[in-house]
Amino acid sequence: MEHDPRFFKYLRDRIGLDVASVGAPMIERAVRQRCAASGAADLNAYWGLLQLSGAEQQALIEAVIVPETWFMRYPETFNALVRVAQARLVELKAARPLRILSLPCSTGEEPYSIAMALLDAGISAALFTIDGVDISPISVAKAQRGVYGRNSFRGTDLTFRDRYFDAVDDGYRLLERVRQQVRLQVGNVLDPALLKGEAPYDFVFCRNLLIYFDVDTQQRVFEVLKGFNDPDGALFIGPAEGSLLARLGMRPLGVAQSFAFVRAEVLPVEPVPTPTRAAPPPRPLAPPVRSRPSPPLPPVPQVKPPAAEKAVQVTLEQIASLANEGKRLEAMQACDAYLKHHGPDAQAFYWLGLLNDVGGDARKAQDFYRKALYLQPQHPEALAHLAMLLAAQGDSVGARRLQERAARSERTADSERKR
Ligand SMILES: C[S@@+](CC[C@H](N)C(=O)[O-])C[C@H]1O[C@@H](n2cnc3c(N)ncnc32)[C@H](O)[C@@H]1O
C-alpha cells in the first residue's frame, strides 16, 4: 500500500485528513483492517467496494478518526468562555440566547463541558444553546447516551462530576439538565451544506481538528468556521493550532492558555461583574489583552547583566500570557530572562519555538522545538509543532517519526491513566 495513494487521497478529499499529520502507517493499518473485515479479496477489490458502499465509507472514516477528548480539556479555555459569554450577554440585552458551536464535538465531552462551565458561572439554561457536530455517528451516539468512563475525567479538579453526574454501573451519567443544553448532529466540516440556515454562533469551538489537515484544507476550514462565527464572536481552537490563526489575521483574546481568538478588528472584551453563583466559581483568569490601558501584568524583565540576575523573576505563566496576547517580542525577551535565571527548560524553549514559528522564522523555531525535545523528549506540543514544520518543509519521514513518537507517548499516558 506504500505506493498506493488512492486511499490517502480519498480520505483527504472526503474528511480533510492529511496523511502527514497522522502518518501513513496509521492509515495503512486502518485500510488493511477494513479490507479484511469487509471480506474484500485484496486492496483493489476493497477500493471498488469503497466507491460503492456508503456504509463502508463510514466504517473507514471511523477507523481513521482520532476521537480523543475529555471533560474540561484545557480548563483555562472554559474560564475565558465564561468571561466572554457574560460580556456578550450584556451586549445582547437578553434579546436572544447565546449560540455556541462545538465542531468537532467527538463523544460530547467538549459541548457538555461548555454547558457545565456556563451553568457553574450562574448563567441560566435559558440564556444559551450549544450545537455539537462530529463526522462520526458512533461518537455522536455516545454523546447522546451521555454515560462516561474514567478516561473522560482526566483533570485534577473533578468536582464538576459530583455536581453534574450520577454514578451508574458503567460509569457516570450526565444529568438531563446539562444534556438538554446540547443539540447533537452528525456532520462534516467540509460539507458545504453543513449548518445551512443556522444563525451565526457567538462562540465556535474547533479544537484539535485543524491539526489533522494540510495547510490548504486548514485555510478552507478556517473560512468555513469564520462563516459560522458571528463577526463579534470568538473562535476557540486547540493549543497546536494557534500559530495558524495568527497567520490568518486573527488575534488572541489574551487570556493565557485559553487558545481563544477574535477577528483582528474586534475590540477587546470588558470584564463584567460575575453573577451570584449556584456553584463554585471558575478559577481566576489571567489578565485580558487590552488595546486600552491594561490591567497590571507583571513587568516583563529586560535581560539583565549577570550582576542584576537575582532581580529577574519571570514565570512561565507570564510568558504564556504575553504569548497569548500576541506580545511576541516581549514574550521572547521573557523567555530569555527565564532561561538565564532558571537554566535550560523545555517549556521555555517550546515557547521560543512557537514564538519564532508565529514570527515566520522556521529555522529558529525548529532549533528551539528540538531543544525542548532534548530536555523533555515527549513534550506533546513541541512534538506536534515540529512535526507540522517538518511536514510543511516536505520532510514527511521526519514528520511521521515525530507523530509516531507523540502517539506512543499518548498511548503510554493513556494506559497509565487507566491503571
Ligand atoms: C481529537 S477529537 C477533538 C474533540 C474535541 N474538539 C476536543 O478537542 O476534545 C477530533 C474529532 O474530529 C472529528 N472529525 C474528523 N474529521 C472531521 C470532519 N471532516 N468533520 C467533522 N468532524 C471531524 C473526529 O470524528 C473526532 O471526533
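The residues of the chain are indexed from 1 along the displayed sequence. All ligand and atom numbering here is 1-based and tracks the order in the structure.
Ranking protein heavy atoms by distance to atom 8 (O) of ligand 1, first place goes to Asn208 ND2, 2.8 Å. With hydrogens left out, the protein atom closest to atom 23 (C) of ligand 1 is Ile135 CG2, 3.5 Å, a heavy atom. Nearest protein neighbour of atom 27 (O) of ligand 1, counting heavy atoms only, is Asp134 OD2, 2.8 Å.
Of the candidates Leu103, Thr217, Leu209, it is Leu209 that places a heavy atom closest to atom 14 (N) of ligand 1. The residue from Pro104, Gly187, Ser136 that puts a heavy atom closest to atom 21 (C) of ligand 1 is Gly187. Nearest-heavy-atom check against atom 2 (S) of ligand 1 across Thr69, Val66, Asn188, Val186 picks out Val66.
Donor-acceptor pairing under 3.5 Å is lacking for the side chains of Thr69 and Glu109. Inspection of the Asp357 and Tyr369 side chains reveals an N or O donor paired with an N or O acceptor under 3.5 Å. Side-chain polar atoms of Ser38 and Glu56 form no donor-acceptor pair below 3.5 angstrom. Using modelled atom types, one finds a donor on one side chain and an acceptor on the other under 3.5 Å when comparing Asn208 with Tyr74. Defined by atom type and a distance below 3.5 Å, a donor-acceptor pair is present between the side-chain atoms of Thr159 and Asp157.
For ligand 1, the atoms sitting less than 4.0 Å from at least one non-hydrogen atom of Ile65 are 24 (C), 25 (O), numbered in the order shown with element in parentheses. Which parts of ligand 1 touch Glu110 is read off a 4.0 Å heavy-atom cut-off, strictly below it: atoms 5 (C), 6 (N), 7 (C), 8 (O).
Residue Val189 has at least one nitrogen or oxygen atom sitting less than 3.5 Å from a nitrogen or oxygen atom of ligand 1, judged on distance alone. Any N or O atom pair closer than 3.5 Å counts here, and Ser139 shares no such pair with ligand 1. For Arg73, a nitrogen or oxygen atom sits less than 3.5 Å from a nitrogen or oxygen atom of ligand 1, counting backbone and side chain alike. Residue contacts with ligand 1: Ile15 is placed with a nitrogen or oxygen under 3.5 Å of a nitrogen or oxygen of the ligand (distance criterion only).
Remark: Arg161 qualifies as a cation-pi partner of Tyr172 under the 6.0 Å distance and 45° angle criteria applied to the six-membered ring.
Looking at Tyr164, Tyr148, Tyr112 one by one, the single match for ring-ring contact (aromatic ring centres under 6.0 Å, His included) with Phe71 turns out to be Tyr148.
Of the heavy atoms in Arg207, both backbone and side-chain atoms come closer than 4.0 Å to ligand 1.
Rounded to the nearest 0.5 Å, atoms CG (Leu119) and CD1 (Ile114) are 12.0 Å apart.
Put simply, the side chain of Tyr201 never gets that close to the backbone of Ser102: no donor and acceptor are under 3.5 Å apart.
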